[in-house]
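Scope of the values below: all heavy atoms of this structure, side chains included, with no hydrogens, waters or symmetry mates. Whatever order the structure lists them in is the order used to number ligands and atoms, beginning at 1.
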Amino acid sequence: MTDCRMCGGGLTEFYDFGRQPLSDAFLKPDQLEGEFFFRLAVGVCDQCTMCQLMEEVPRDKMFNEDYPYFSSGSSVMRKHFELTATNFLETELTGDDPFILDIGSNDGIMLKTIADAGVRHLGVEPSRSVAEVASAKGVRVRNEFFEESSAIDIVREDGQADVVFSANTICHIPYLDSVFRGLDALLKPNGIFVFEDPYLGDIVDRTSFDQIYDEHYYFFTARSVRAMARSFGFDLVDVERFPVHGGEVRYTVARQGARTPSAAVAEMIAEEDAKGLSTLETLRGFGDKVSKIRTDLVALLEKLRAEGKTVVAYGATAKSATVANFCDLGPELVSFVTDTTPAKQNRLTPGSHIPVRTPEAFTDSPPDYALLFAWNHAEEIMAKEKAFREAGGKWILYVPEVHIV
Ligand code: SAM
Ligand code: TMP
Ligand code: ZN
């Protein structure tokens with residue numbers, strides 16, 4: 001047994017996905033030698049209930065000048081963050097000279113709206129590839145990792161913040177103790193820390209095991225987030241569910257005693273407890289379903305290959321690294337993956353070495369079946385690819401179980 005990264009309690013492993021590559025390290029054909037691998041396994045803490053990876057990947061290997069995930073590639077996500085920003089502008093940012101921070105600001109998807117409104121803001125983003133795109137949009141960015149020392153520098157230069165926001169990033173940070181000490185320095189007395197990440201409740205309900213990969217270190221619940229916040233002198237004061245990225249929760253954290261927790265917090269924790277969300281029994285049951293998905297998906301793809309059908313994948317997501325490597329998919333089962341991101345095109349998927357091609361490669365010669373790796377964007381993608389379906393093409397989904405639509 002190892003120790004919980006959050007509270008030092010005992011960590012029990014409940015699923016092992018085996019040897020996995022860096023999920024966002026798309027390779028040039030001459031980079032196949034010396035690819036980095038680690039053991040992807042997930043466990044749960046018997047004290048604070050936090051789910052977390054058993055092994056940590058060094059942060060610079062994942063988030064650097066080559067990081068290829070550009071948040072603004074999805075119109076649904078652009079809308080989601082525009083609404084988020086507008087909402088902050090109308091509520092928390094109405095005082096005298098307000099200041100908002102975004103941890104993991106990426107290409108400026110949220111802060112662009114804040115910058116356009118002329119409100120003081122700062123993005124903290126270690127990956128230069130995406131930080132430069134945000135800067136070009138007029139967003140102010142520090143190209144570094146957020147942690148205690150950067151928070152102290154920011155307070156010195158810009159003063160304290162009304163809101164620290166973070167989407168799909170806090171779950172990427174193993175060293176949350178340093179982050180919380182930084183927040184303590186950075187937030188005004190009544191300031192709030194608002195973050196949203198994939199919700200363990202949805203991962204278990206939908207068996208969306210591909211949310212588990214190198215970058216996703218923690219899998220939060222309202223209970224584990226409240227325990228974490230309290231251990232650093234904060235409290236969980238609100239929770240809200242969102243359908244984006246397969247099901248997320250937005251957590252609002254404030255200094256202990258500064259704000260009264262909403263009824264939604266107690267309700268969500270009661271719901272989690274009632275279904276035993278973080279118990280070993282539930283999590284091992286989740287693992288059994290994951291194993292069945294692998295068996296079913298491999299059997300389906302082998303059957304289609306035997307029948308001479310063409311199969312390509314849609315969306316070279318970070319999530320798909322887990323699926324492809326865990327199911328041992330390669331170009332012989334999935335001929336290529338189509339993706340709109342130029343930084344991923346004409347490269348090979350990490351570990352599984354499936355070529356990534358442009359959207360035109362898909363539309364010019366549509367396959368019989370498209371394996372939807374970007375299932376979290378299903379609505380947006382299926383609307384865009386109506387012609388594929390109308391011409392007889394079929395989608396393969398593997399969440400919550402393997403099925404064809
Ligand atoms: N917030 C955007 C969104 O929701 O679409 C981007 C999410 S992206 C999955 C995660 C981002 O967090 C990456 O741009 C990565 O470079 C950044 N990141 C990773 N560790 C970080 C840290 N310690 N501080 C700030 N950003 C970090
Ligand atoms: P995500 O699931 O982590 O957001 O990644 C989505 C990936 O899918 C990203 O590489 C962009 C790609 N994508 C497309 O290729 N076409 C699309 O229509 C959308 C929404 C995403
Ligand atoms: Zn713990």
Salt-bridge contact D184-R255 (side-chain N to carboxylate O under 4.0 Å):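 The answer is yes: the pair qualifies as a salt bridge.
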
Sidechain N-carboxylate O distance under 4.0 Å for D16, R39: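 Counted as a salt bridge, because a side-chain N and a carboxylate O are separated by less than 4.0 Å.
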
Polar atom proximity, A167 to ligand 1 (N or O, under 3.5 Å):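 A167 vs ligand 1: N/O contact under 3.5 Å present.
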
Could you tell me the residue and atom name of the protein heavy atom closest to [atom], and the distance to it rounded to 0.1 Å?
{"atom": "atom 24 (N) of ligand 1", "result": "F146 N, 2.9 Å"}
{"atom": "atom 10 (C) of ligand 1", "result": "N168 O, 3.3 Å"}
{"atom": "atom 8 (S) of ligand 1", "result": "Y67 OH, 3.6 Å"}
{"atom": "atom 3 (O) of ligand 2", "result": "Y69 CE1, 3.4 Å"}
{"atom": "atom 2 (C) of ligand 1", "result": "S71 OG, 3.3 Å"}
{"atom": "atom 27 (C) of ligand 1", "result": "P126 CD, 3.4 Å"}

Any luck finding a side-chain donor-acceptor pair between [X] and [Y] under 3.5 Å?
{"X": "D210", "Y": "T322", "result": "no"}
{"X": "H80", "Y": "E248", "result": "no"}
{"X": "Y15", "Y": "S291", "result": "yes"}

Min N/O separation Y314 to ligand 2 under 3.5 Å: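 In this structure, Y314 places no N or O atom under 3.5 Å from an N or O of ligand 2.
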
Heteroatom proximity flag, E380 to ligand 2, N/O under 3.5 Å: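 The answer is no, given that E380 and ligand 2 share no N or O pair closer than 3.5 Å.
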
Only heavy atoms count here, so choose which of [options] is nearest to [atom].
{"atom": "atom 13 (N) of ligand 2", "options": "N376, T340, D24", "result": "T340"}
{"atom": "atom 11 (C) of ligand 1", "options": "I103, T169, V130", "result": "T169"}
{"atom": "atom 15 (C) of ligand 1", "options": "M77, E125, R142", "result": "E125"}

Atom indices of ligand 2 within 4.0 angstrom of T317 heavy atoms, with elements: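 Atoms satisfying the 4.0 Å criterion: 2 (O), 5 (O), 6 (C), 7 (C).
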
Sub-4.0 Å atoms of ligand 2 with respect to non-hydrogen atoms of G315: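 Those atoms are 8 (O).
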
Any H245 heavy atom less than 4.0 Å to ligand 2: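 So H245 counts as touching ligand 2.
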
Proximity to ligand 1 by part of F63, non-hydrogen separation under 4.0 Å: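 It is the side chain that gets close, since no backbone atom is under 4.0 Å.
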
Side chain, backbone, both or neither: F165 near ligand 1, heavy atoms under 4.0 Å: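 It is neither; nothing of F165 touches ligand 1.
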
F234 ring center near F193 ring center (under 6.0 Å):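 Centroid distance F234-F193: not below 6.0 Å, so no.
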
